[in-house]
Amino acid sequence: MSKKYAIGVDYGTESGRAVLVDLSDGAEVADHVTPYPHNVIDERLPYSDIELKHDWALQHPGDYIEVLRRSVPAVMKASGVDPRDVIGLGIDFTACTMLPVDAEGRPLCLNPELRDDPHSWVKLWKHHAAQEEASRINEIAKEREEAFLPRYGGKISSEWMIAKVWQILNEAPHIYDKTDQFMEAADWVVSQMTGTYLRNSCTAGYKAIWHKRDGYPSDVFFKALDPRLENLTRTKLRGEVVPLGTKAGELTPEMASLMGLRPGIAIAVGNVDAHAAVPGVGVVTPGKLVMAMGTSICHMLLGTEEREVEGMCGVVEDGIIPGYLGYEAGQSAVGDIFAWYVEQGVPAYVKEAAEAEGVNVHEWLERRASAYKPGETGLLALDWWNGNRSVLVDTDLTGLLVGCTLLTKPEEIYRALLEATAFGTRKIVDAFHHSGVEVNELYACGGLPQKNKLLMQIYADVTNREIKIADSKQTPALGAAMFGAVAAGSAQGGYDTIVEAASRMARVREETYKPIPANVAVYEKLYEEYNRLHDYFGRGGNDVMKRLKAIKEASR
Ligand SMILES: Nc1ncnc2c1ncn2[C@@H]1O[C@H](COP(=O)(O)OP(=O)(O)O)[C@@H](O)[C@H]1O
Ligand SMILES: O=C(CO)[C@@H](O)[C@@H](O)COP(=O)(O)O
């Protein structure tokens, strides 16, 4: 029998990438990236000059189809693989990235009559403007002692489905009324490929408060939020919730021709990017924390018992690998903070020097920041440039840098920002470990481990744990391709379980990052200071960040 292949498509924050994978050994035969033509829409709506408010982040659903149109044919062409040998396709997505669609599954923002309303567009995971709704959800759930709340670390995030839906209802009731279904973008893209409308258990579980046995929260709870939401889960969130690895359907002839594939191949139900990365890096057992490190970090961990962990994003049975409880925590900005500094914070001479040396600004700063020992900059930062996801779950918190003098250099600030994100991760590792969900080893994947060695050494030193690095540059896409192979099944040349697929297709590099004892000791002290700042600014000691936000809002 000829070799068989699957395609994984990873939908990130700024681009989508397709990877063609050899199912015999997981080799990535070809990959191709399509930057989203409309990128992240956070200032003005397309087709009009309508300005978006603070904390908004939207996307254009057409960009997702564009990724299939450009990147899938590109990997087929580059590899020379016969489309008859591609047996399945899986996708992974940022989440909760959601959109309102009409009865035909058409995004409302593509309707010329509705597109000038920002609420008709895709709300990207980092759309943080539903904080008021999230806070009300948390108050009411707490008052009612809802059983689901502890499963989400005690707080439902404004990034998730119910807060976003409620924001639409509150601010644009006509858009809510015109919505037939609110869909995760992951499920919508799969529906476009297959014509079937299913909801995957991963996004439903982590982002829409769905539980394998209990289903969604009760109508009574939704009614307590807002009487207009009483029937939400049976109407606009309706649809069968199916486990990861399920075959959602078969590629339609129309989409097959757009993507240069054979009609009828198996399409897996969608998955979350970070969750797909777990089998992608070969982790199928507890104790191994997988960090998907990119614009943000998602921390994924398997466990055998349901534990309460402060500020975790959620624990979902079978949410990552069947048979285990899948835990997720995260930091809302990591690479994004470094990008902010590079784009907004560095003086012109740094850019010029980097250009003269033929490296990008990140590399220039990393090189110079590496010359400093831990503690030598005298700086400390709080990594809250995009709020705090875990453990505080508060999008109203903002960034902080302490210790600057007239001698402080850009590379020192860059180093302090790298360290701040490592302290944020340490906080999460400690939260899991101290709640009885063991973290023995760290695995890193995503763009950052490939790009910044200093960052990875700092993470090993700050967490005092060895870090293994994914061999794949596109781990979520590799994981998605594995799920595509599972959807196809062994009869087609794929696999029957994700564990089997991972054992054949996943790899880590030989090179690991090991903690350096002298660095660990200094970082222990700095982490104590980080903790003091964290609790002072994050747990009510001084709410200056929130007051500043309120003053800013009032003066806009
Ligand atoms: N050399 C570098 N060091 C640290 N961060 C970097 C470097 N180069 C790019 N970045 C950051 O990497 C992030 C993109 O990560 P990547 O994993 O490629 O994307 P995504 O999160 O969208 O999947 C950006 O936020 C960017 O600022
Ligand atoms: O929130 C999740 C997963 O739960 C992510 O989709 C989100 O942080 C975006 O991830 P990326 O930074 O684009 O890799």
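Atoms within each ligand, like the ligands themselves, are counted from 1 in listed order. Quick note: residue numbers are just sequence positions, from 1. Keep in mind that the numbers below use all heavy atoms, side chains included, and drop hydrogens, waters and symmetry copies.
- Residue-level proximity to ligand 2 for D273 is carried by the side chain, the only part with a heavy atom below 4.0 angstrom.
- Only the backbone of A95 comes within 4.0 Å of ligand 2, counting heavy atoms alone; no side-chain atom from C-beta on gets that close.
- Of the N and O atoms on the side chains of H128 and N386, at least one donor lies less than 3.5 Å from an acceptor on the other residue.
- W125 and T13 form a side-chain donor-acceptor contact under 3.5 Å, judged by distance and modelled atom types alone.
- Residue contact check for ligand 2: K207 places a non-hydrogen atom closer than 4.0 Å to it.
- Here side-chain hydrogen bond (donor to acceptor under 3.5 Å, both in side chains) pairs that include residues 267-278, with residues two or more places apart or in two chains, are H275-E328.
- For atom 8 (O) of ligand 2, the closest non-hydrogen atom of the protein is S296 OG, 2.8 Å.
- Take S157 and apply the side chain to side chain contact (heavy atoms under 4.5 Å, CB included) test, not counting sequence neighbours, and it matches E159, W160, V393.
- Salt bridge present: E357 and R368 bring a charged side-chain N and a carboxylate O closer than 4.0 Å.
- A distance-only check finds no donor-acceptor pair linking the side chain of K155 to the backbone of N138 [under 3.5 Å].
- Taken from CE in M161 to OH in Y216, the straight-line distance is 7.5 Å, to the nearest 0.5 Å.
- Below 30°, between 30° and 60°, or above 60°: for F93 and Y11 the angle between ring planes is below 30°, a parallel geometry.
- Applying the 4.0 Å criterion to heavy atoms of R389 picks out, from ligand 2, the atoms 1 (O), 2 (C), 7 (C), 8 (O).
- The closest approach between a heavy atom of A292 and any atom of ligand 2 is not below 4.0 Å.
- With sequence neighbours excluded, the residues that form a side chain to side chain contact (heavy atoms under 4.5 Å, CB included) with A134 are Q131, S158, A163.
- Distances below 4.0 Å separate heavy atoms of V272 from the following atoms of ligand 2: 3 (C), 4 (O).
- The shortest contact between atom 7 (C) of ligand 2 and any protein heavy atom is with W125 CD2, 3.5 Å.
- Heavy-atom proximity to T94, at under 4.0 Å, picks out these atoms of ligand 2: 6 (O), 9 (C), 13 (O).
- Closest to atom 4 (O) of ligand 2 among all protein heavy atoms lies E328 OE2, 2.5 Å.
- The cationic group of R415 does not satisfy the cation-pi geometry with Y372, failing either the under 6.0 Å distance to the six-membered ring centre or the 45° limit from the ring axis.
- The one candidate from L379, L417, L365 that meets the side chain to side chain contact (heavy atoms under 4.5 Å, CB included) condition with E412 is L379.
- Closer than 4.0 angstrom to ligand 1 lie heavy atoms from T13, R17, M293, G294, T295, G335, D336, F338, A339, H362, Y414, G447, L448, K451, N452.
- Atoms of ligand 2 lying under 4.0 Å from at least one heavy atom of T295, given by number and element, are 11 (P), 12 (O), 13 (O).
- No hydrogens or angles considered: nothing links the side chains of T285 and Y324 as a donor-acceptor pair under 3.5 Å.
- Annotation: atom 13 (O) of ligand 2 to nearest protein heavy atom, T13 OG1, 2.6 Å.
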